[in-house]
Structure formats: structure tokens, C-alpha cells
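Because only heavy atoms are used, hydrogens play no part in the values below, and waters and symmetry mates are left out as well, while side chains stay in. Numbering of residues begins at 1 and proceeds along the displayed sequence. Predicted model, so just to flag it, every value in this text is computed and none were measured.
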Amino acid sequence: MRTRLKVCCIASADEAWMAIQAGADALGLVANMPSGPGTISDDQIATIAVLVPPPVASFLLTSEISADAISAHVRRTQPSTVQVVSHIAPAESARLALLEPHVRRVQVIHVEDRAALDLLPTYSPHVHAFLLDSGRPNASVAELGGTGRAHDWEISAAFVEASPRPVFLAGGLTADNVGRAIDQVQPYGLDVCSGVRTYGRLDPVKLTALWRRHGAQIRNGRGM
């Protein structure tokens with residue numbers, strides 16, 4: 001299996017096509033958040049999601065924390081996948097699986113310390129995949145993604161090894177460190193945002209550079 005690439009913070013149909021043409025396996029569409037870059041309206045998300053051709057996946061990033069609210073958000077925007085960016089209550093994760101059985105569900109785990117590993121059994125029965133990020137959900141203004149910071153990849157590698165579900169790695173990934181990330185963590189997929197942007201816009205030069213490094217790792221036999 002090769003390491004997948006998800007390009008997040010997609011802001012327009014033009015950016016979506018740029019990422020798809022560069023080889024992205026998935027696009028991240030960021031809804032309203034308490035902080036961080038790349039948010040767009042639900043109307044924009046719905047417009048872009050309907051344009052995304054299979055097999056490329058469209059990810060709705062939602063900060064809603066109840067299953068009912070997340071489900072309503074999914075139905076407004078019609079993505080193929082919902083990425084839950086808060087550490088929601090286990091009962092809400094279980095209920096969401098019942099409400100949206102046909103939508104792929106990805107739970108974000110914010111890796112602040114090794115306590116992140118304790119969340120594996122909490123969510124594994126209810127989700128299709130995990131995404132490890134560098135947010136600080138308990139900060140005075142919650143950070144739920146888009147920080148541009150890498151976290152402790154030793155913890156991420158341990159999470160990947162223990163997880164019964166595929167795991168995406170996010171947080172501060174660039175063309176300069178993507179090879180090391182694949183080597184050390186061995187994730188199912190990579191999630192990039194700030195590392196492929198310049199002044200907030202998707203940068204084709206940075207995207208191509210990252211894709212080449214990503215592809216080189218796979219050709220050298222180090223991707224999954």
C-alpha cells in the first residue's frame with residue numbers, strides 16, 4: 001500500500017482542481033473553527049464537494065461536538081468523509097456511526113503527550129480512520145488544526161503501530177520533512193495545509209515539491 005496524500009484547507013474549486021491534478025487522494029474542506037486558517041462557508045464546501053470526482057475523497061472538517069449537529073453538518077454539505085476535529089464524547093461518536101453509516105468517519109487525535117494513545121480504544125469501534133494533529137483543544141482559544149507545528153512523532157509512530165484503523169499524519173508537514181515523517185511514523189496517509197501554501201494560497205511549486213518527495217519515499221520502498 002502507498003502512503004495517501006490529503007491536501008487540506010482547500011478554499012475554491014480552482015484549488016481543488018490544482019490539488020487533484022497534483023495527485024491528491026483527498027481534499028480537506030474546513031468549516032467554521034474557533035481558530036486557524038482556511039475556513040470557508042458551508043455553501044462553498046457543498047459546491048466544492050459535489051465537484052470532487054471519485055476516487056478522490058472530500059473531507060468535511062467540522063468542529064461540532066454532538067452527533068446530531070455533526071450529522072446535520074454532513075447533510076448540509078454532502079462530503080464523502082467527515083473529519084471530527086474535537087475529542088467528542090464516546091457516546092456521540094457511537095451515535096454518529098448510527099446516524100451516518102454511509103459516510104466515512106475520521107476522528108482527529110491531538111497529540112500533546114502520550115495520553116493520546118489512551119484515546120485509541122475510545123473511538124476505534126466507531127470510526128474508519130484516525131488523523132493525528134498538533135492542536136491544543138484545551139487552550140483558552142481552542143486550536144483544532146492548521147497550526148503548522150509538528151508534534152512528537154515517536155508518539156505518532158506508537159499510535160500507528162497500535163491502531164486497528166488507518167492513521168493520517170498532520171501537523172507542520174513540508175517537502176523538507178515529509179520523507180522523515182513517512183520513515184518514522186509509517187502513516188496510512190499524510191495531511192498537508194500550511195506547508196503547501198504561500199500567503200494563504202495553495203502554492204503549486206510547494207505542492208509539486210512535496211509530491212516529489214512523497215513519491216520518492218514510495219519508490220524507495222519506505223511508504224506503506
Side-chain angles (χ1 to χ4, degrees), residues 1-30 36-40 44-45 48-61 79-81 83 85 104 106 108 111 128-135 145-151 153 156-157 159-160 165-224:
M1 292 177 64
R2 64 182 180 83
T3 308
R4 271 63 171 183
L5 180 65
K6 172 174 171 264
V7 179
C8 202
C9 308
I10 295 295
S12 66
D14 286 344
E15 287 197 354
W17 285 118
M18 185 190 304
I20 291 168
Q21 289 170 351
D25 298 286
L27 307 181
L29 307 168
V30 185
T39 60
I40 57 177
Q44 289 173 294
I45 290 171
I48 296 170
V50 77
L51 296 174
V52 178
V56 179
S58 55
F59 279 53
L60 164 67
L61 278 67
S80 65
T81 304
Q83 179 174 322
V85 302
R104 310 297 283 181
V106 176
V108 172
V111 182
H128 297 95
F130 289 101
L131 187 146
L132 304 179
D133 209 343
S134 305
T147 67
R149 297 189 306 264
H151 52 262
W153 288 348
S156 296
F159 193 103
V160 169
R165 306 294 187 197
V167 181
F168 289 83
L169 179 68
L173 295 172
T174 68
D176 292 332
N177 65 13
V178 66
R180 184 162 55 88
I182 293 173
D183 271 345
Q184 184 171 347
V185 180
Q186 290 290 297
Y188 172 84
L190 303 172
D191 180 285
V192 297
C193 176
S194 59
V196 291
R197 291 186 171 273
T198 300
Y199 301 120
R201 296 183 177 182
L202 193 59
D203 186 324
V205 175
K206 290 181 178 179
L207 184 59
T208 298
L210 184 139
W211 181 255
R212 286 175 177 166
R213 295 289 181 89
H214 165 270
Q217 289 298 103
I218 294 169
R219 286 192 297 273
N220 290 335
R222 290 179 287 206
M224 290 183 66

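Take C8 and apply the disulfide bond (SG atoms under 2.5 Å apart) test, not counting sequence neighbours, and it matches no residue. When the side chain to side chain contact (heavy atoms under 4.5 Å, CB included) test is applied to D14, the partners found at least two apart in sequence or on another chain are S12. Scored by the salt bridge (Lys or Arg N to Asp or Glu O under 4.0 Å) test, R197 finds E15 as partners (sequence neighbours excluded).
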Between F59 and V106, is a side-chain contact (heavy atoms from CB on, under 4.5 Å) present by the stated rule, with each step listed? CA-CA 9 Å; F59 279 53; V106 176; 3.8 Å; yes

Between D191 and L173, does a side-chain contact (heavy atoms from CB on, under 4.5 Å) hold up when you go through it step by step? CA-CA 8 Å; D191 180 285; L173 295 172; 5.6 Å; no

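When all heavy atoms of G28 and L61 are compared, the pair lying nearest together is CA-CD1, 4.0 Å. What you find for I48 and A11 is that their closest heavy atoms are CD1-C, 4.1 Å. Listed here is the closest heavy atom pair of F168 and A129: CE1-CB, 4.4 Å. Between T174 and N177, the shortest heavy-atom contact is N-OD1, 2.8 Å. Pairing each heavy atom of A49 with each of P79, the nearest pair is CB-CA, 4.3 Å. Taking all atoms of both residues into account, the shortest heavy-atom contact from L51 to A13 is CD1-CB, 3.9 Å.
Two residues are said to be in side-chain contact when any heavy atoms from C-beta on lie closer than 4.5 Å; V192 and L5 meet this criterion. Proximity of D25 to R2: side-chain heavy atoms (C-beta onward) are separated by under 4.5 Å at one or more points. Side-chain contact between P53 and I20: present, with at least one pair of heavy atoms (C-beta onward) separated by less than 4.5 Å. Counting only heavy atoms from C-beta outward, the side chains of W211 and V196 never approach each other to under 4.5 Å. In this structure the side chain of K6 reaches within 4.5 angstrom of the side chain of L131, judged on heavy atoms. The shortest distance between side-chain heavy atoms of F159 and V167 falls below 4.5 Å.
The environment of R104 atom CZ is sparse: at most 12 non-hydrogen atoms of other residues, nucleotides or ligands sit within 6.0 angstrom.
Note: L190 CG to T3 OG1 = 6.0 Å, rounded to the nearest 0.5 Å. The line from CG of L169 to CD of Q186 is 11.0 Å long, rounded to the nearest 0.5 Å. Atom CG of residue L29 and atom OG1 of residue T39 lie 12.0 Å apart, to the nearest 0.5 angstrom. Atom SG of C9 and atom CG of L27 lie 11.5 Å apart (nearest 0.5 Å).
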